[in-house]
Amino acid sequence: MSAPIQTRPPQATRGGVDIRLPWWAVALPVLAFVSLLLLILNPADAHAAADQRAIAHLLERVEQLTGH
């Protein structure tokens, strides 16, 4: 009695994986990380995250923390 042979579908035989993410799949985690980092650095000024001065202040703090 012969057993049935299962073959792989044609898509599974390709060598690489082709996954394309939309732009927001990268932008949203980055935005969340920056927002949480601002909350950690100074919770009182968290509302100013959209302000350009807040971003400059954040970069200055990061520079101070890294010792450069």
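Atom-to-atom distance recorded for E60:CD and L41:CG is 12.0 Å, nearest 0.5 angstrom.
Side-chain heavy atoms closer than 4.5 Å link hydrophobic residues (I, L, V, M, F, W, Y) into clusters, and following such links, even through other members, never connects L28 to V34.
Checking V30, L36, L37, L31 one by one against F33, the side-chain contact (heavy atoms from CB on, under 4.5 Å) holds for a single residue, L37.
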